[in-house]
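As a basis for the values below, the full set of heavy atoms in this structure was taken, side chains included, without hydrogen atoms, waters or symmetry mates. Quick note: residue numbers are just sequence positions, from 1.
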Amino acid sequence: MTRPFRFAVNMLSPGSAAEWREKCRRAESLGYDVILAPDHLGMPAPFPSLVAAAEATERPRLGTFVLNAGLWNPALLAREVATTDQLTGGRLELGLGAGYVKEEHDRAGLPFGSPRERVDHLEHTVTELNRLLGDPEHIPQPVQAPRPPLLLGGNGKRMLRLAARYADIAAFTGATTEPGALRLLSPAVIEERMAVYHEFAADRETPAELNYLSHVVAVDADRRATARKLGEYAPDLTEDELIEHPAVLAGSVKDIAEQVRGHRERYGFTYFTVLEPNMEAFARVMEELRP
């Protein structure tokens with residue numbers, strides 16, 4: 001059975017307590033299913049932000065998108081997760097990633113390490129969280145047992161294997177991060193990565209929910225013109241490949257709704273995340289997609 005759509009907004013801009021709560025209330029009123037907070041130095045701390053979001057709203061789930069595992073000690077993170085799950089009434093979804101911004105590690109005085117070392121640390125963090133939060137003697141205890149739903153994001157083979165083994169939600173960006181630049185993968189490569197993931201996840205009893213972050217939402221915009229503007233992020237992709245890319249949602253509301261349905265059919269994505277600047281525009285598409 002096809003999962004129903006879920007839609008999330010990743011909040012990016014800092015503000016006062018009143019501004020944050022108002023943004024969260026607005027996201028709820030627009031119909032978003034999940035309110036997300038990133039984990040970057042120079043942005044508000046994610047866990048207090050999510051607790052404040054819970055106080056301002058009633059319905060949306062609340063998630064990290066995604067925590068940089070290299071900035072966190074697993075035992076201290078388990079305490080944060082359990083406390084936040086309690087204070088949000090069991091609405092927390094925990095997103096974790098290996099980290100990709102060396103400058104943040106340098107500012108924090110923490111080693112960045114190689115890609116292998118960062119994924120090793122992420123796997124250690126996940127296994128420790130499962131152990132600690134699954135222990136009935138752990139204090140505090142999360143509301144959700146044995147732990148809040150876990151989202152793991154990434155594209156590399158080891159990350160896909162890790163997500164297939166542990167994640168309740170597998171998140172895909174369809175891009176790689178090179179020093180100073182985001183580079184979009186082609187739709188064909190995304191399909192190949194999805195095939196690799198499904199091979200790793202073949203023995204799962206319960207399939208994971210599949211998430212995708214759409215970077216661009218341009219309602220009532222020309223699709224080809226929008227695609228051409230993204231050429232600097234995808235110098236190896238053709239205009240047609242950019243038009244069909246799930247990172248680029250452009251056209252009328254009905255056109256974009258059809259694109260989202262098409263991405264569900266082609267890739268299996270049912271949980272779509274948009275960035276805060278696109279929150280209002282994508283809400284019109286969500287209305288078109290709701291049953």
Side-chain angles (χ1 to χ4, degrees), residues 1-10 30-34 36 65 151-155 160 163-164 167-176 182-202 207-231 233-291:
M1 180 179 295
T2 302
R3 288 178 181 267
F5 282 122
R6 284 206 306 162
F7 303 111
V9 56
N10 195 25
L30 289 170
Y32 282 91
D33 301 292
V34 191
L36 299 169
F65 197 78
L151 176 150
L152 292 176
N155 288 305
L160 295 176
D168 304 293
I169 306 162
F172 300 83
T173 63
T176 60
L182 183 77
R183 291 288 182 262
L184 292 178
L185 304 172
S186 72
V189 171
I190 297 174
E191 280 190 314
E192 181 269 329
R193 298 292 169 89
M194 300 304 301
V196 171
Y197 168 79
H198 286 299
E199 182 178 349
F200 290 148
E209 187 176 28
L210 302 182
N211 170 274
Y212 192 83
L213 168 61
S214 293
H215 294 82
V216 176
V217 180
V219 176
D220 296 330
D222 181 87
R223 293 182 69 186
R224 289 195 174 274
T226 303
R228 284 194 293 270
K229 291 178 183 178
L230 293 173
Y233 302 106
D236 299 327
L237 301 189
T238 67
E239 190 173 296
D240 286 340
E241 286 176 317
L242 283 169
I243 285 173
E244 64 180 277
H245 203 290
V248 185
L249 303 177
S252 70
V253 168
K254 289 185 180 295
D255 288 340
I256 296 175
E258 282 306 305
Q259 291 168 46
V260 172
R261 293 188 187 102
H263 299 324
R264 177 174 63 181
E265 179 70 22
R266 182 174 183 179
Y267 307 105
F269 302 135
T270 59
Y271 174 14
F272 284 82
T273 299
V274 299
L275 302 176
E276 181 184 342
N278 298 321
M279 180 173 74
E280 295 283 342
F282 190 70
R284 296 169 58 193
V285 179
M286 285 164 31
E287 290 182 15
E288 184 72 21
L289 290 164
R290 296 295 189 191

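- R183 is listed as a side-chain neighbour of P235, based on a closest heavy-atom distance under 4.5 Å.
- Side-chain N or O atoms of S214 include none that pairs as donor or acceptor with a backbone N or O of V274 at under 3.5 Å.
- Of all heavy-atom pairs spanning R6 and D33, the tightest one is CA-OD2, 3.3 Å.
- Annotation: the span from H245 atom NE2 to D240 atom CG amounts to 13.5 Å, rounded to 0.5 Å.
- Taking 4.5 Å as the limit, every side-chain heavy atom of L213 sits out of range of all side-chain heavy atoms of F269.
- For the pair R266/P187, a side-chain contact is recorded, criterion being any heavy-atom separation below 4.5 Å from C-beta on.
- Side chain of R223 to main chain of D255: no donor-acceptor pair is present (N/O by atom type, distance under 3.5 Å, no hydrogens or angles).
- Atom CZ of R3 sits about 5.0 Å away from atom CD of E209, to the nearest 0.5 Å.
- Between the side chains of T273 and N211, a donor-acceptor pair is found at a separation under 3.5 Å.
- Annotation: side chain of L210 is not in contact with side chain of Y267 (no heavy-atom distance under 4.5 Å).
- Minimum interatomic distance between A208 and A167 (heavy atoms only, all atoms of both residues): CB-O, 3.7 Å.
- The heavy-atom pair separating L184 from A234 by the smallest distance is CB-CB, 4.0 Å.
- The two residues V248 and L230 have their closest heavy-atom pair at CG2-CD1, 3.1 Å.
- Using a 4.5 Å heavy-atom threshold, the side chains of E258 and R261 count as touching.
- Within a 6.0 Å radius of CD in E199, other residues, nucleotides and ligands contribute 12 heavy atoms or fewer.
- Counting heavy atoms from C-beta on, the side chains of V285 and L249 never come closer than 4.5 Å.
- Ring-plane geometry between F282 and Y32 is classed as tilted, the angle between the planes lying from 30 to 60 degrees on a 0 to 90 degree scale.
- Checking side-chain atoms of R193 against main-chain N and O of N155 turns up a donor-acceptor pair under 3.5 Å.
- Interatomic distance, M286 CE to F272 CZ, rounded to the nearest 0.5 Å: 13.0 Å.
- Rounding to the nearest 0.5 Å places CG of L242 at 9.0 Å from CD of E244.
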From CA spacing to verdict: side chain to side chain contact (heavy atoms under 4.5 Å, CB included), F65, V34: CA-CA 11 Å; F65 197 78; V34 191; over 6 Å; no
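- Remark: R284 does not engage E287 in a salt bridge, criterion side-chain N to carboxylate O under 4.0 Å.
- To the nearest 0.5 Å, atom CG of residue L36 and atom CG of residue N10 are 5.0 Å apart.
- Distance check: K229 NZ to T226 OG1 gives 6.0 Å after rounding to the nearest 0.5 Å.
- Between the E239 side chain and the R228 main chain, no donor and acceptor come within less than 3.5 Å of each other.
- In this structure, G31 and R290 approach most closely via the heavy-atom pair O-NH2, 2.6 Å.
- Across every non-hydrogen atom of G174 and Y212, the tightest pair is CA-OH, 3.5 Å.
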